[in-house]
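Okay, so here's the structure we're looking at.
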Amino acid sequence: MADPQSNAPLRADAGAPTSGVIHVRTRLTADFTVISNALAQRRGSAVTVGVAAYISSLPDSSSVTISTLCEHFSEGEILISRALRELEAAGYLERRRERTPTGQVHTRTYFYDVPGGGADPDGPPDPPKPPKPPRPRPRKSPTAENASAAENATTTPEVAPDPAPAHARDQSQNPATLSEADPRAVAVLASLRRADPRLVLSEREAVRLAPAVARWLEAGVAPSQITAQLTAGLPDHFLTRPAGLLAYRLRETPLPAPPPRPLAESPPRRAAVPPFQTCDGCERAFRAPQPGHCRECRSREPASRLRAAS
């Protein structure tokens, strides 16, 4: 009993690796997510793999905006947005601007287990088509109705042309050239190079970004606020053109609050008007804070005093 005893096994189990990680597997029946090895072992940023695993574990209709992901992760907006761009470039993430039957435009995010939607051969569902308006029925005059009834002839009603689709109207409203764009929005985009010399935009890129900047200006946001919002926290190296980063921030960044309006200056207060007093000498009415003599009586007092002294 005095001899030391060891509870450790004398040798390792047969087949166990001599180095590296040893997995202890547990069969999960709930609250788990299946991720492909191509995604989990993807070379590059660990933030990208972590964001992809987190999005895969979320249920449908969950919010995956930059602000929502920043609330969950400790990384900032720059790393999260870079991870989303890498997933989008690799084919795991896709954003679509789809029009609902009511005519509103929403941005839907699709996440694929396999790049390009290999897990689903049919791909994501097509966006719903807006309902067509009812076609008006042609009106017939009483004479034409009698003639058609007498001759027992059938006529083909004229079909009204379908109105232009909503997305075509939206595209037609976008400026085609730089002269058609909002000059205030173009001025804001041109001033970005002063804050960062890398933000040099071509004419085509400025025309494409001008409508989004114009909407911010119409919402009451000052040009200085827009410049600060678009140039704050830029990465050291751009993976794409600067216009792509600016378009992403204009689309995904929450709209900043407009500057507070200055308070209206209150009108200056008028001085209090002294009340009427009755002069003790001539009994005339004059304004003064206290009773006494009027101005004329006060001016006569020195002369009367001199005469009395002489």
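Through direct or relayed side-chain contacts under 4.5 Å between Ile, Leu, Val, Met, Phe, Trp and Tyr, V24 connects to no other residue. Cluster partners of F32 are L28, V34, counting Ile, Leu, Val, Met, Phe, Trp and Tyr whose side-chain heavy atoms approach within less than 4.5 Å, directly or via other members.
Between C282 and C294 the shortest heavy-atom distance is SG-SG, 3.6 Å. Closest non-hydrogen pair, Y110 versus R96, comes out as CE1-CD, 3.5 Å. Smallest separation of non-hydrogen atoms from F111 and S56: CE2-OG, 3.0 Å. Considering all non-hydrogen atoms of both residues, R287 and P274 come closest at NH1-O, 2.8 Å. In this structure, A214 and A185 approach most closely via the heavy-atom pair N-CB, 3.9 Å.
A cation-pi contact, defined as under 6.0 Å to the ring centre and within 45° of the axis, is absent between R295 and F286.
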What donor-acceptor contacts under 3.5 angstrom involve side-chain atoms of residues 37-46, with partners at least two apart or in another chain?
| residue | atom | partner | partner atom | Å |
| --- | --- | --- | --- | --- |
| S45 | OG | V47 | N | 3.1 |

Show me the donor-acceptor pairs within less than 3.5 Å that the side chains of residues 67-78 make with the rest of the protein, sequence neighbours left out.
| residue | atom | partner | partner atom | Å |
| --- | --- | --- | --- | --- |
| S67 | OG | T65 | OG1 | 3.3 |
| T68 | OG1 | S63 | OG | 3.0 |
| T68 | OG1 | T65 | OG1 | 2.9 |

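The CD atom of E94 lies 3.5 Å from the OH atom of Y112; values are rounded to the nearest 0.5 Å. The CG atom of L189 lies 7.5 Å from the OG atom of S191; values are rounded to the nearest 0.5 Å. In this structure, CG in L201 is found 7.5 Å from CZ in R193, a value given to the nearest 0.5 Å. Separation of atoms CG (L230) and CG (D196) is listed at 11.5 Å; rounding is to 0.5 Å. A distance of 10.0 Å separates OG in S81 from CD in E86, rounded to the nearest 0.5 Å. The CD1 atom of I55 sits 6.5 Å away from the CG atom of L87 when rounded to the nearest 0.5 Å.
In this structure a side-chain-to-backbone donor-acceptor pair under 3.5 Å is missing from R284 to C279. A donor-acceptor pair is defined here as one N or O able to donate and one able to accept, closer than 3.5 Å; such a pair exists between the side chain of R298 and the backbone of H293.
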*L234 vs R198, side chain to side chain contact (heavy atoms under 4.5 Å, CB included): CA-CA, chis, key distance, verdict*: CA-CA 10 Å; L234 292 176; R198 299 175 297 173; 3.9 Å; yes
*Test log, rule side chain to side chain contact (heavy atoms under 4.5 Å, CB included), inputs Y248 and L84*: CA-CA 11 Å; Y248 182 82; L84 294 177; 3.4 Å; yes
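Residue pairs meeting the salt bridge (Lys or Arg N to Asp or Glu O under 4.0 Å) criterion with at least one member in residues 21-38: none, sequence neighbours excluded. Identified under the salt bridge (Lys or Arg N to Asp or Glu O under 4.0 Å) test for residues 238-247, with sequence neighbours left out: E205-R241.
Dense packing is recorded around CZ of R95, with more than 12 heavy atoms of other residues, nucleotides or ligands lying under 6.0 Å away. Other residues, nucleotides and ligands contribute only 12 or fewer heavy atoms inside 6.0 Å of the CZ atom of R194.
P242 has its side chain out of reach of L192: every pair of non-hydrogen atoms, C-beta onward, lies at least 4.5 Å apart. Between V213 and D182, the closest side-chain pair of non-hydrogen atoms is not below 4.5 Å. Two residues are said to be in side-chain contact when any heavy atoms from C-beta on lie closer than 4.5 Å; L245 and R85 meet this criterion.
Hydrophobic cluster membership differs between L209 and V200, with clusters built from Ile, Leu, Val, Met, Phe, Trp and Tyr side chains linked at under 4.5 angstrom. Linking ILVMFWY side-chain heavy atoms closer than 4.5 Å, directly or via other members, places V49 and I66 in two distinct hydrophobic clusters.
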